[in-house]
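One structure below.
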Amino acid sequence: MGLPHTVETSANVKRKRVSEDSPGRTHQSQLQQRRIKLLDSRKQLPIWQRQKDIRDALRDNDVLILSGETGSGKSTQVPQFFLDQPWCGFPGKIAVTQPRRVAAISLARRVAEEMGTPLGSSSPASKVGYSVRFDESTSPSTRIKFLTEGMLLQEMLRDASLSQYKCVIVDEVHERSVNIDLILGFLKQLQTRRKDLKVVVMSATADADSLQRFFAAQLLENTRHDSKSVPNDSQTDGEAEVDADDAPWHGFDDEDQQSSSNIATCHVEGRQYPVITRYLDSPTEDTIEASLHRIFQIHCKEPTPGDLLVFMTGQEAIQSLQKLVEEYALGLTTDYPKMLVLPLFAALPQAAQQLIFQPAPRNTRKVILTTNIAETSVTVPGVRFVVDTGKAKVKQFRNRIGLDSLLVKQISRSSADQRKGRAGREAAGQCYRLYTEEAYKSLDKDSTPEVLRCDLSQAVLTMKARGVGDVLRFPLLTPPPKEAMEKALLQLCELGALDEHGNISPIGRKIARLPLTPALGRVIIEAATPETDCLVEVIDIVACLSVEHIFLAIDTEEGREKASVARRQLLRRQGDHLTYLAAVQAYAAEQSDRRRWADDHMISHRAMQSVMDVRQQLTAQCRQAKLFTTQEAHPATDEATQERIVKCFLRGFSSNVARACPDGSYKTFAGNQTVAIHPSSVLFGRKVEAIIYNQFVYTNKAYARDVSVVQLRWLEEALDGMA
DNA sequence: GAGCACTGC
């Protein structure tokens with residue numbers, strides 16, 4: 001009886017006070033009716049039975065590791081369990097981090113309903129709020145705040161000890177983004193200073209061991225780094241097979257160390273229907289052919305309703321399979337249900353993505369061909385059957401050459417299980433794996449955490465700006481190779497974000513506040529110097545570079561011709577940067593109907609709206625940091641301004657420069673690597689003296705994306721300027 | 001001649 005009753009009482013007290021001096025009485029009683037109605041369904045959640053265990057565990061310990069599959073109700077219920085706890089005090093706040101904006105907002109809305117309190121900033125009495133980029137909704141009475149991981153890290157810049165919170169709940173830890181790993185490291189460090197801070201780590205996978213070891217290991221901060229530090233892999237996974245270059249730089253070692261925190265673990269069953277798994281008898285090379293075969297087998301055998309979700313690698317495979325399925329479906333006799341084939345990937349326009357949420361018409365089966373987006377970010381309703389090709393595209397950063405590669409890889413077992421689970425959300429289901437059971441068993445247990453796959457410069461600057469002196473000693477769940485950390489430190493020095501001693505510089509502090517990579521942040525700083533004076537323009541360009549591609553993708557020859565006419569006035573022969581600037585200036589100048597303007601120019605309206613949001617945010621931040629020397633833009637961007645703009649990018653991306661070779665290819669100055677201009681660039685197919693680019697990505701070959709012309713003379717000047 | 005998925009006071 002404890003918690004719900006208490007929460008109810010305190011909500012009543014609050015409600016009385018509000019209703020006496022506000023006209024919202026009917027609204028208040030509606031909120032309470034809704035709350036009481038929801039209480040019944042909350043009591044059905046698997047986690048409801050465990051609330052005493054969970055409360056006791058965190059009362060007696062500093063850290064709670066809570067594992068529970070989807071459907072256990074942990075994200076909504078756990079924060080409510082703690083509100084009335086003595087350690088939580090009043091007005092002690094609870095932060096709950098989420099990987100995605102939509103999740104943060106919808107969970108806040110749901111929990112507010114369950115508590116019978118208005119949401120966020122809608123009332124000063126609201127107890128539940130959220131904070132995501134471009135949208136903060138909290139009140140003076142907020143007790144539970146859902147926020148994205150990035151927002152919690154941003155809050156740490158203002159208040160490194162997170163003093164307003166008594167408890168931080170980190171949700172979806174199994175996703176292992178860099179931000180999650182950083183937050184776990186900061187919280188672990190923080191608990192040595194703040195004995196009153198409780199930490200809850202929630203994960204969908206049952207494996208609590210590595211998290212427990214992480215929190216149990218003593219901090220290595222303030223001890224000198226020496227060559228005897230222990231690689232962490234060796235104690236968990238047998239012999240660590242790493243060469244000297246890739247060896248982890250330190251680990252957390254539970255041998256001969258005492259716990260720095262008291263840790264409790266708890267596992268909660270999910271609410272999931274059973275899913276039958278079937279494998280291939282022998283492996284297949286052609287996953288498109290195998291998918292096609294399996295889709296029709298399921299479709300012809302199984303009754304409707306019951307939609308089918310097919311996990312594939314990417315847009316290209318999805319579109320070719322869609323064509324095949326639609327062709328074959330024409331040959332189905334009327335004895336069988338109809339088929340509705342729907343693609344799903346991030347680059348798909350919003351309206352097309354929405355189609356998956358509409359129920360299939362009678363006697364029709366939806367067949368959704370999806371990327372990994374349906375594994376975590378989008379929940380497709382109505383699915384009873386999953387077909388899993390066992391593959392996904394994965395990004396991997398090669399830090400020696402500064403190259404991102406995007407390659408098809410085998411998924412992990414946990415990822416395969418996640419995909420399978422999508423068939424059992426609403427009823428018993430079936431999962432067809434297009435690989436053998438032996439192949440499944442030989443998959444890696446978990447996916448490689450992002451921190452081992454990405455450029456670490458932003459993560460390192462994040463640490464430095466929050467007071468981490470020796471970043472090589474920062475506690476990370478899976479420490480990356482020392483070489484990767486040192487590369488990041490070196491890059492930050494070259495950008496001027498760190499001084500020669502490795503301490504953060506005033507420029508570094510400014511960069512760290514911006515929602516940008518350090519390199520793009522440095523471009524902003526460069527644009528603000530009095531000699532350069534093109535901050536307004538550079539903000540527009542950087543805004544484009546930090547959102548999805550603004551030009552709509554085009555499939556057909558006819559579409560390409562149409563697009564080149566529609567976009568003619570926007571294209572700039574100097575390259576993509578000035579083309580983006582022209583697009584933003586034209587869009588911003590459009591006063592009447594921006595959506596129509598975007599359609600007319602075959603530009604993504606969704607992307608342009610994000611550009612405008614980022615532009616506004618960056619402008620406000622630059623103003624606050626007093627970076628503006630002049631307020632005025634140079635609307636008729638003259639040649640001298642154009643030169644200064646591109647030179648700003650040289651300051652942030654000095655190693656991303658390549659010169660033309662006689663054979664028509666480009667080779668980088670830094671590593672003599674061959675790069676090709678990406679077909680999405682306005683410079684595609686053109687030959688110029690030298691180019692600068694913002695992204696270097698290997699897919700079928702090494703491509704430069706977001707490319708502009710540079711003159712060799714500018715390069716010499718830029719190098720002089722840096723010396 | 002091409003685009004896995006997220007996120008940021």
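Letters A, B, ... mirror the listed sequences (proteins, then strands); counts begin at 1.
If you check dC4(B), dC9(B), dA5(B) against the side chain of Arg158(A), the one that comes closest is dC9(B). The side chain of Ser377(A) has dA5(B) as its nearest neighbour among dA5(B), dG1(B), dA2(B). Closest to the side chain of Ser680(A), out of dC4(B), dA2(B), dC9(B), is dA2(B).
One atom, CE of Met151(A), and another, P of dC6(B), lie 19 Å apart when rounded to the nearest Å. dT7(B) atom C1' lies 16 Å from atom CD of Glu136(A), rounded to whole Å. To the nearest angstrom, P of dC4(B) lies 12 Å from CG of Leu348(A). dC6(B) atom P lies 14 Å from atom NE2 of His174(A), rounded to whole Å. Atom pair Phe311(A):CZ and dA5(B):C1' shows a separation of 12 Å (rounding to whole Å applied). Atoms CD (Glu149(A)) and P (dC9(B)) sit 13 Å apart, rounded to a whole Å. Between the CD atom of Glu175(A) and the P atom of dA5(B) there is a distance of 14 Å, rounded to whole Å. In this structure, the CD atom of Glu375(A) is 12 Å from the P atom of dC6(B), given to the nearest Å.
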> Step by step, would you call Thr97(A) with Met202(A) a side chain to side chain contact (heavy atoms under 4.5 Å, CB included)?
Replying inline: CA-CA 10 Å; Thr97(A) 70; Met202(A) 304 204 292; over 6 Å; no
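Using a 4.0 Å heavy-atom cutoff across all strands shown, Thr148(A) reaches sugar-phosphate atoms only and no base atom. Contact annotation for Arg560(A): base contact, defined as any heavy-atom pair under 4.0 Å involving a base atom. Base contact: Leu516(A) has a heavy atom under 4.0 Å from a base atom. The residue Gln154(A) sits close to a base: some heavy atom pair falls under 4.0 Å. Residue-level contact check: Ala392(A) touches neither bases nor backbone, having no heavy atom under 4.0 Å from any strand. Residue Leu406(A) is in base contact, counting any heavy-atom pair closer than 4.0 Å across all strands shown.
Side-chain nitrogen and oxygen atoms of Thr371(A) include at least one within less than 4.0 Å of the OP1 or OP2 phosphate oxygen of dA5(B). Contact check, Gln624(A) against dC9(B): no side-chain N or O comes under 4.0 Å of OP1 or OP2.
Each of Ser708(A), Ser680(A), Ser681(A) was evaluated against Asp576(A); a single residue qualifies, Ser681(A), per the side-chain hydrogen bond (donor to acceptor under 3.5 Å, both in side chains) test.
By the 30° and 60° cut-offs, the orientation of the rings of Tyr703(A) relative to His678(A) is perpendicular. Aromatic ring orientation, His549(A) versus Tyr580(A): perpendicular (interplanar angle above 60°, classes split at 30° and 60°).
Salt-bridge formation is detected for the pair Asp417(A)/Arg433(A): a Lys NZ or Arg NE/NH1/NH2 atom is positioned less than 4.0 Å from an Asp or Glu carboxylate oxygen. Classification of Glu558(A) and Lys562(A) as a salt-bridged pair fails, no side-chain N sitting under 4.0 Å from a carboxylate O. For Arg100(A) and Glu172(A), the salt-bridge test fails: no basic side-chain N is under 4.0 Å from an acidic carboxylate O.
The stretch residues 697-706 of chain A touches DNA chain B through Thr699(A), Tyr703(A), each having a heavy atom within less than 4.0 Å of the strand. DNA chain B is contacted by Pro99(A), Arg100(A), Arg101(A) of residues 97-110 of chain A, taking any non-hydrogen atom closer than 4.0 Å.
By the 6.0 Å contact criterion, CZ on Arg453(A) is enclosed, its count of non-hydrogen atoms from other residues, nucleotides or ligands being greater than 12.
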All N/O donor-acceptor pairs, side-chain side in residues 310-323 of chain A, below 3.5 Å, sequence neighbours left out:
{"unit_1": "Ser320(A)", "atom_1": "OG", "unit_2": "Glu316(A)", "atom_2": "O", "d": "3.3"}
{"unit_1": "Ser320(A)", "atom_1": "OG", "unit_2": "Ala317(A)", "atom_2": "O", "d": "3.2"}
{"unit_1": "Gln322(A)", "atom_1": "NE2", "unit_2": "Glu326(A)", "atom_2": "OE2", "d": "3.3"}

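Mapping Gln621(A) and Glu450(A) onto DNA chain B by nearest heavy atom places Glu450(A) closer to the 5' end of the strand.
Between Ile411(A) and Asp388(A), some side-chain heavy-atom pair lies under the 4.5 Å cut-off.
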